[in-house]
Structures are given as structure tokens and as C-alpha cells.
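Just below is one structure, and these are the notes that go with it.
What you see is a predicted model, and the numbers here were worked out from it, not measured in a lab.
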Amino acid sequence: MVKFANLPSPGKAGSEEDIDKMPGSSSDDHELPNGTSKRKSEEEGHDSKKKKRTSKTERSSKMNGSLSKRRHSISKPARDPRDDPSPARPSEDETETRSPSPVIDFDGLSRPSAGTRERKSETAEQAVARLDKLSGAVRTILECLGEDPNREGLLGTPERYAKAMLFFTKGYQENVRDIVNDAIFHEGHNELVIVKDIEVFSLCEHHLVPFTGKMHIGYIPDRDVIGISKLPRIADMFSRRLQIQERLTKDVAHAVMEVLKPQGVAVVMESSHLCMVMRGVEKTSSTTITSCVLGCIEKREKTRNEFFSLVGLNRR
């Protein structure tokens, strides 16, 4: 009998080849340098998770940083950047004042004209000579107007008018420091103080006719307060001169600032001018309003509006 050699069966060979070609085969041809493909996919999954975690931590750190910044800003009170503390008072050696202006001069006469000091320090004889000179000028005016100064109704008019003009302008003979007379008191008060509806009478320097109205004066003390009657007296002193309303308002504000050294000053004036009522445009119902604010009242809109509201300017 003839014997045949044992040959590999086609089924086994096929099965082995199939095994080698299976995805999970451990053949060297299909192994990766760093491990199996399964391990690679797992590592990729870990890497993606790590990236997600880092992005989340970065996002949270950014949010925490912004939140901490917001908390930092909220913890501090909101302030107007202009609400800075008042500057320190200058030392005695410094010549510059806190409100540098030409309004108040060394001896408190305030914008003296050429003859102001002479009128303030004149003797009784010089006062009589001044009255006679002014009376003669009024007599000349009457003659230039076509009147007879010697008629009965005008005989005493030149002297009467001269005395009236000297009274209307008596502010030239007054001094701010004499009016205040050391009536400044230390009270530790730092809230708004207002004296309103101060009646004011003055002469327009352009036409020498009156303008009349009311003035409101307010200030915020820096611990010191002034006797309230001194504020109307200061207003009277400056109004009893040849004036314009804009300068009169500013003169009073700077005088209070100079004498009292408060944190802030505000002055408002409402008046009617006969120079535009009796002549010119002849508008009888018009009113002129001027204001001057200094110091912290000028810086702080809320304080300024409070002052205007209390004096009745914010009517609408």
C-alpha cells in the first residue's frame, strides 16, 4: 500500500492566515511602536479629556480674575473723579491766596479806583469841598438839560442830588475786614449755609441808573462759620458802588472766599435793570440772573444743584 505525506490542510492554513489578518492579532506586522491601537485610542481619549480640563480651568481662572476685579471695584464707593480733597492752605510765607483774584486787595477795599483811598481817609473839610464840587457839577447838568437851576423847585436839587450820589456810592468808603469785624466762629460745621433773598440796590456804571434785585449767598464751611448778618453787609458794600451785575456777583463770592476760607462759595443774583426798562429795548418784565461758584461747589454737580434748588432756581 502507498503512503502519502502529511500536507497542511487548506482549512487550517486559511484559518491561520485569517487569524493573522484579524484586527486583534498580536502579529509583529500590526503592532505600533508605543503599544497596540487600543492603547493609542485610550491615550487619545485621555489627552482630549486633559485638554478639556485645562480649557475649563483657564476659563474659570479668567472668570475668577474678572470677578475678583469686579469685587475690588464694587467694594470701593463710586466717586466723582473731580471730588478731590480741598488743597492744603498756603503757609503764611506764601503771598498767593487760596482764591487768586484781583477782587480783594491788601487792605480789603476791593478794586479801588483812583480816588477811593482818598475818599475813605478824607477829613471833614475835604468832605465839604467834595460835596460843593459835586453840587456844582449837578447844577451844570441842569443847565445843559435846559432847566433853570434858580427856580423854586430846583434851588436845593444840586445839593440833594450830590448827597444822594455819595450815599449810593458809600461802598467806596467801606472795608471788608471792618464789616466782618472778626465775627468768625469755630463751630465744626461742614454743611451748606445759605442766606437768600438779600435785597440789593446798585447803580449801573454805563448809564448811572439803578438796577435792583435779590442776591442769594451760600457757602460750605471748613469748620468756621461767619455771622449771618455779615453776608448781607458784604453784598451792600459791593452794591453801593458803580457796578455791573456780573462783577458784583463775582466780587461778593470772592470776598466771602477770601475772608472765611470755606470749602466752597456760591452766589446768585436776580435783578431788573432800569437801563433796559426806561430806555433802550424798554422790556419791563425781563430779569437778569448771574451766578458765581467757587471751590467744592464748583467741582460737585450734586452740591451745586442742591444750592440752586434751595434758592429756587430749579423751578421747572
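Judged by distance alone, the side chain of Q263 and the main-chain N or O of P221 form a donor-acceptor pair under 3.5 Å. Looking only at distances, no side-chain donor or acceptor of K283 sits under 3.5 Å from a matching main-chain atom of M276. Proximity of a side-chain donor or acceptor of Y172 to a complementary backbone N or O of R240 within less than 3.5 Å is not detected. In this structure a side-chain-to-backbone donor-acceptor pair under 3.5 Å is missing from S309 to N305.
Across all non-hydrogen atoms, the minimal contact from I226 to Y219 is N-OH, 3.2 Å. Here the shortest heavy-atom pairing between V200 and S239 reads CG1-CB, 3.5 Å. Here the closest non-hydrogen pair linking L154 and D148 is CD1-O, 3.5 Å. In terms of heavy-atom proximity, C275 sits nearest to H207 at CB-ND1, 3.6 Å.
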Worked check of salt bridge (charged side-chain N to carboxylate O under 4.0 Å, His left out) between K163 and E159: CA-CA 6 Å; K163 289 180 179 179; E159 185 178 355; 3.5 Å; yes

From CA spacing to verdict: salt bridge (charged side-chain N to carboxylate O under 4.0 Å, His left out), R304, E298: CA-CA 7 Å; R304 194 164 59 248; E298 180 183 10; over 6 Å; no

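T249 and T290 are linked by a side-chain donor-acceptor pair at a separation below 3.5 angstrom, with hydrogens and angles left out of the test.
For the salt bridge (Lys or Arg N to Asp or Glu O under 4.0 Å) test, no residue two or more places apart in sequence or in another chain qualifies with R279. In terms of the ring-ring contact (aromatic ring centres under 6.0 Å, His included) criterion, residue partners of H273 (sequence neighbours excluded) are, by chain and number, F211.
For the side chain to side chain donor-acceptor pair (under 3.5 Å) with E205, the lone residue among Q243, R241, R247 that qualifies is R247.
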